[in-house]
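Taking it in order: structure first as structure tokens, then the write-up.
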Amino acid sequence: MDAIDPRLHLGQVGPVLPRISREVVTRNEENPPAAPTESFLPGEVGEAGTIGLPKSPRQTASGVPASFEFGSDAESLRNMRLMAEELRQTRKDLKAERKDLRQENGSVSDKARVHGGLQDVDAALERIELAHRDSRWAQVASAVEGEVSPVYRSYFLHGRTPVREMQEVLRTAQDLANPDSQLRLKGNDIQPLVRDEIWKTKMERLEEVARQPIRDGKPVEIDAEYYELASPDFIEKLARASRGGADVKVLMDPGTVSRMSGTPDATSLASRLNTVRRLEEGSGGRAGIQFFANREVLGGRDEIMHRKLLRVGDGVVFGGMNANQGSGENVDFGMEIQGPGAARFVEIFRQDVELSRGRSVEAIYGSQLEDLRQTEGVVLQTRGVLDLLESQIPGGPRTGESWDQRVDRVLENASYQGLRVSDLVELPNATPGQAPTAEQERAWLLAGRGDAVLTEKGRHLLADGMEAAVNRMNSAANQETLQAIRPPSAQKVGNETMAIGDTSVERQAMVLHAIDSAEKYIKVSAFVLNEDLARLLVEKKEAMEAQGKPFEVQVVMDPGVYPYGGSPNEAAYHLLEDRGVEVRWAALDRSSPDHDRKVHAKLLLTDQMMVAGSTNFSHKGLRDNWELSDVTFFQDEASRADQQKVEADFQHLWERESLAIDTRALAESKHGTGQDPESVYLRDEERTRSLRSFLRGIGNLEKEIGSQVQELRASDPVLAYTVDQRVREGHSEGYATLNAIGEDRLAQIRYESSAWQTLQQMVTA
């Protein structure tokens with residue numbers, strides 16, 4: 001990090017604070033990052049130190065200093081803490097002014113003043129935080145011998161990993177680099193799985209056991225650990241295998257009342273309740289079922305058990321793919337593993353079961369279920385309403401059943417129980433003052449989109465159902481089933497070497513080691529990528545090129561737009577774009593307009609190794625959630641073949657299924673390159689506007705393609721028959737449809753669509 005002059009002593013900072021303009025917001029104000037785990041404010045006073053940081057492109061107009069210097073005396077450090085407190089209050093004031101200006105359609109000059117002030121405040125807060133963390137770096141680096149790579153220092157300075165944890169990350173990464181490390185599990189057979197191979201492999205392995213649940217006189221063991229598990233096909237195969245005598249154990253995230261959209265949403269609870277009922281009913285009570293003890297193990301409401309692991313016999317299928325109806329259609333990554341790695345995965349599963357087995361409702365949910373009973377305004381999405389209704393009747397989702405068929409079946413069976421949709425939720429399309437008709441209820445469900453507010457009866461039915469499910473899990477019979485986990489063979493069956501990241505320390509170490517050790521390239525396929533890791537990719541590329549070594553970085557990110565109107569990947573995108581790294585947004589063909597097909601992979605591929613698993617490249621993924629990652633080392637003929645296969649799939653995504661836009665060039669073409677406050681403001685606003693318009697345009701393109709594909713399938717009986725055949729062979733319906741149509745025909749549909757033309761105009765405007 002380059003130092004800058006002149007430096008300003010902390011004692012000189014106080015007087016400039018009153019001159020700071022009122023307003024500004026974090027770069028991602030609609031989805032602000034959580035407070036740092038170990039920050040200067042509040043935080044421990046560290047050792048003395050200084051840090052110089054690059055100035056923003058323009059001189060600060062607010063009087064906020066461009067760099068700081070502080071001494072070792074406690075008074076200087078207290079003053080810096082006070083300065084940070086004042087800056088945070090200034091940010092709150094600036095937010096309020098910004099909101100007022102937007103509502104009142106204030107002048108560009110006023111908006112620019114507020115925008116510039118906020119950038120200055122954020123930059124100053126960042127410098128304070130970096131100065132504090134820089135003062136702790138020597139303590140971190142002392143954990144290992146020798147010089148520590150700048151990759152680790154940058155990650156610590158810009159991230160939120162506490163000192164002691166970062167020391168463990170360094171030691172673990174150093175251990176990973178050792179060919180003889182105990183973390184390295186040798187003698188595995190690893191088969192990388194891309195796209196439709198992942199779902200098909202899972203379905204094939206489950207179907208094999210469903211047909212032959214007893215082998216060599218012993219029941220086959222199936223262990224499933226999933227964040228989301230709602231696919232009728234998946235549930236049916238698990239239940240059938242269990243009913244036939246296989247040992248089936250399922251560990252699930254328990255769901256939560258989410259507030260991501262600002263409104264409390266209990267859809268995930270309804271989904272889990274229906275899955276549990278279907279597994280219990282389908283297996284005749286034989287399957288062992290357990291919710292992960294989120295509250296007790298993770299502590300908060302926002303953290304989730306996000307692992308995705310399927311063990312069948314001696315093999316494990318592992319990766320980032322959930323087990324929902326549409327999961328198999330996503331662009332994801334997984335692998336099938338046999339050998340010591342598979343045995344280690346099952347040991348981790350056993351540990352997770354023991355963490356949760358026999359725990360109380362409070363250990364799993366805290367006060368969430370009681371809050372649900374008491375809180376008005378909680379909503380369910382359409383699918384959540386159908387899940388809740390279906391959980392109250394016998395006979396769950398059927399394999400191969402369309403949404404319309406499922407709606408009609410559930411409504412008919414619910415009517416026999418005297419239960420209606422309007423008993424559970426307040427329909428948004430109902431006539432005010434009048435009870436909705438059965439046809440209105442059906443029409444709303446068939447539309448398949450939208451939210452409805454739970455009635456008091458619906459809230460109690462859902463909360464009581466979840467509590468009853470936990471109580472059944474705590475029965476003696478279920479607990480006995482969960483205890484009997486038999487490890488698979490750990491015998492060496494191949495030559496490939498892998499390591500598994502069970503803890504947050506191990507997961508961080510794997511990602512940092514992969515970036516640090518890369519010699520030729522890094523390719524990232526990401527559902528979520530945060531700014532901190534994007535910065536590491538940039539710095540790695542710049543460092544290698546400074547040594548005269550060509551180095552390629554390519555990043556493909558999912559373009560999903562969140563309820564606040566933007567993407568969690570925006571900050572990373574702008575950083576990569578500003579520093580000249582190639583970055584694109586996925587644009588995927590859909591089999592229907594309603595399924596939000598996405599890049600769901602969490603893949604970091606280098607010329608030396610690949611890191612994959614359930615862990616998104618975000619702070620929550622790497623540190624907060626209950627995740628699993630693994631690293632495969634490229635060191636022999638088999639692993640190099642894996643590398644070539646995965647790289648080829650990435651290049652297909654890069655070349656044929658992703659689009660690029662240069663928001664910086666677009667903004668400069670409209671508003672010039674001037675550094676005055678108004679020009680800076682207008683360019684920044686244009687970059688945000690053009691990117692979000694582009695992402696919405698990708699969504700429109702995908703929906704338009706999905707509509708055309710759906711119509712094509714409905715009008716072509718040969719195509720429909722081919723798709724049905726492929727589904728029966730274990731393919732996901734989405735990939736069965738897209739593969740049956742073929743890339744050439746899909747490309748024609750894409751290029752002839754109006755949404756495609758609109759996107760081209762955006763890029764070249």
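Judged by distance alone, the side chains of T256 and Q368 do bring a donor and an acceptor atom under 3.5 Å apart. Looking only at atom types and distance, the side chain of D371 has no donor-acceptor partner in the side chain of T375 under 3.5 Å away. If you check the side chains of E627 and S614, you find a donor sitting under 3.5 Å from an acceptor. Using modelled atom types and a 3.5 Å distance limit, the side chains of D594 and W403 yield no donor-acceptor pair. A side-chain donor from one of Q351 and E347 sits under 3.5 Å from a side-chain acceptor of the other. In summary, the side chains of Q710 and R713 do not present any donor paired with an acceptor at a separation below 3.5 Å, with no hydrogens or angles considered. Donor-acceptor pairing under 3.5 Å is lacking for the side chains of E733 and S591. Judged purely by distance below 3.5 Å, without hydrogens or angles, the side chains of S327 and E228 never pair a donor atom with an acceptor atom.
The heavy-atom pair separating Y227 from N322 by the smallest distance is CB-OD1, 3.6 Å. Here the closest heavy-atom approach between residue E207 and residue K237 is recorded as OE1-NZ, 2.8 Å. K598 and N330 make their closest contact through N-OD1, 3.1 Å (heavy atoms, listed as atom of the first residue, atom of the second, distance).
Between W199 and Y735, the distance separating the two ring centers is not shorter than 6.0 angstrom.
Heavy-atom neighbours of R211 CZ from other residues, nucleotides or ligands within 6.0 Å: at or below the threshold of 12.
Of the possible donor and acceptor atoms, one in the side chain of R597 sits under 3.5 Å from a partner among the backbone N and O of E329. Panel note: side chain Q405, backbone S402; a donor-acceptor pair is recorded below 3.5 Å. With D265 contributing its side chain and T267 its backbone, the two residues share a donor-acceptor pair below 3.5 Å. With S242 contributing its side chain and A239 its backbone, the two residues share no donor-acceptor pair below 3.5 Å. Checking side-chain atoms of Y365 against main-chain N and O of P254 turns up a donor-acceptor pair under 3.5 Å. Looking only at distances, no side-chain donor or acceptor of E702 sits under 3.5 Å from a matching main-chain atom of D596. Checked by atom type and distance alone, the side chain of K249 never pairs as donor or acceptor with a backbone atom of L482 at under 3.5 Å. In this structure, S391 contributes its side chain and N274 its backbone to no donor-acceptor pair below 3.5 Å. With hydrogens and angles ignored, the 3.5 Å screen pairs no side-chain donor or acceptor of S629 with any backbone N or O of G613. Checked by atom type and distance alone, the side chain of R420 pairs as donor or acceptor with a backbone atom of P436 at under 3.5 Å.
Salt-bridge annotation for E412 and R409: absent, with no side-chain N of the basic residue lying under 4.0 Å from a carboxylate O of the acidic one.
Here the rule is side-chain contact (heavy atoms from CB on, under 4.5 Å) with V316, and of M335, R311, R344 only R311 fits it. Between T263 and the options V379, V378, D451, a side-chain contact (heavy atoms from CB on, under 4.5 Å) holds for only V379.
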